[in-house]
Number of protein chains: 2
Amino acid sequence: MSYEPDWNVLTQTCPSRTSLARIANKWTAMIVIVLGKGRTRFRDLRAAVEGISGKVLTETLRDLERDGLVTRHVFAEVPPRVEYELTGLGRTLHGPLAAIGQWAEAHTAEVLENRERYDQER
Amino acid sequence: MSYEPDWNVLTQTCPSRTSLARIANKWTAMIVIVLGKGRTRFRDLRAAVEGISGKVLTETLRDLERDGLVTRHVFAEVPPRVEYELTGLGRTLHGPLAAIGQWAEAHTAEVLENRERYDQER
DNA sequence: CCGAATCCGTGACGATACTG
DNA sequence: CAGTATCGTCACGGATTCGG
């Protein structure tokens, strides 16, 4: 794995920032977390990521496919069936995103307390 | 460190999802990455996170302060000086977010290739 | 001069209806 | 069932102005 130290997400024009913007968002995180469990059908993905609309799910999956993080498997059946799966590249992203999700779950109690204290003080 | 298995970012109404939404965004990631280097003045933060507007930086820092991830130090000077610093809780988030940033920098070449291939095929 | 508030446009997101 | 299309809404984000 070659690393390009020239690329810096903090630099405005660096292409790496477009990658950061794509992966550092809640829908991408949740989708990749679910896909980490294995190949998943569109319908099940939509059910697992509670609250996501079909439109947003489709769009996010398209973007992930375009970036080579997800592969799309279409079955010529009626009713149609489409399954999504992490690519090798996508699997390298699963760990970091899962860590973010786990951080959120593990520290929410503390965060909620902090919010209450902050809101009371003002 | 107690972990609450009941909390699940995939559940629509779970409070942990509000935490996820806050930390899984590009501005938060970049700000926390910079603050990981140490206490930083607002002006320098704005310069380091290239392209961010003053308004967005202020708002994001307020939210991070509210959640207890960042402390705000105001100096009664002219011109004014305000410095921001990660809290203990904020430092526990630095690693995961830095990993996301490093992933973006490390895999952008591959992502760009994938995008070109995808766009040519259609 | 630096930090923050105000104003306002744009784009993301959700809901609905429709097609293959 | 898996999208696509259209539209309405609203939060995000940029430019500008204000305050100290």
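All chains are named by letter (A, B, ...) in the order of the sequence lines, taking the proteins before the strands, and each is independently numbered beginning at 1. Just so we're clear, the structure is a prediction, and the values are computed from it rather than from any experiment.
Here the side chain of Glu50(B) pairs a donor or acceptor atom with the backbone of Gln12(A) at under 3.5 angstrom.
Taking only side-chain nitrogens and oxygens, Trp27(B) never comes nearer than 4.0 Å to OP1 or OP2 of dC12(D). Remark: Arg81(A) is not in phosphate contact with dC1(D), judged by side-chain N or O atoms under 4.0 Å from OP1 or OP2. Not one side-chain nitrogen or oxygen of Tyr84(B) sits closer than 4.0 Å to the OP1 or OP2 atom of dG3(C).
Taking 4.5 Å as the limit, every side-chain heavy atom of Leu69(A) sits out of range of all side-chain heavy atoms of Leu35(A).
If you check the side chains of His73(A) and Thr71(A), you find a donor sitting under 3.5 Å from an acceptor. Under the 3.5 Å distance criterion, with hydrogens and angles disregarded, a donor-acceptor pair is assigned to the side chains of Asn25(A) and Thr28(A).
Atom C1' of nucleotide dG20(C) and atom CZ of Phe75(A) are separated by 18 Å, given to the nearest angstrom. Here the P atom of nucleotide dC2(C) and the CG atom of Leu61(B) are 17 Å apart, to the nearest Å. Rounded to whole Å, the distance from CD1 on Ile52(B) to P on dG14(D) is 8 Å. One atom, CG of Leu45(A), and another, P of dA2(D), lie 10 Å apart when rounded to the nearest Å. Note: CD (Glu59(B)) to C1' (dA5(C)) measures 10 Å, nearest angstrom. Atom CD1 in Ile31(B) sits about 14 Å away from atom P in dC12(D), given to the nearest Å. Remark: P of dA12(C) and CG of Leu57(A) are 17 Å apart, rounded to the nearest angstrom. Between the P atom of dT4(D) and the CZ atom of Arg62(A) lies a distance of 5 Å, rounded to the nearest Å.
Among the heavy atoms of the strands lying under 4.0 Å from Arg41(A) are primed sugar atoms or P, OP1, OP2 only; no base atom is included. In this structure, Arg46(A) reaches neither bases nor backbone, as no heavy-atom distance under 4.0 Å exists between it and the strands shown. Nucleic acid contact for Val56(A): sugar-phosphate only, since backbone atoms but no base atoms lie under 4.0 Å from a heavy atom of the residue.
Between Val82(B) and Gly51(A), the one whose closest nucleotide on DNA chain C sits nearer the 5' end is Val82(B).
Candidate nucleotides dA5(C), dG14(C), dG3(C) were compared by shortest atom distance to the side chain of Lys55(B), and dA5(C) ranks first. Nearest to the side chain of Arg72(B), among dG14(D), dA2(D), dG3(C), sits dG3(C). Out of dG3(D), dG3(C), dC1(C), the shortest distance to the side chain of Pro79(B) is found at dC1(C). Listed nucleotides: dA4(C), dG14(C), dC1(D). Nearest to the side chain of Thr58(B): dA4(C).
The residues Glu59(B) and Lys55(B) are annotated as salt-bridged, a charged nitrogen and a carboxylate oxygen being separated by less than 4.0 angstrom.
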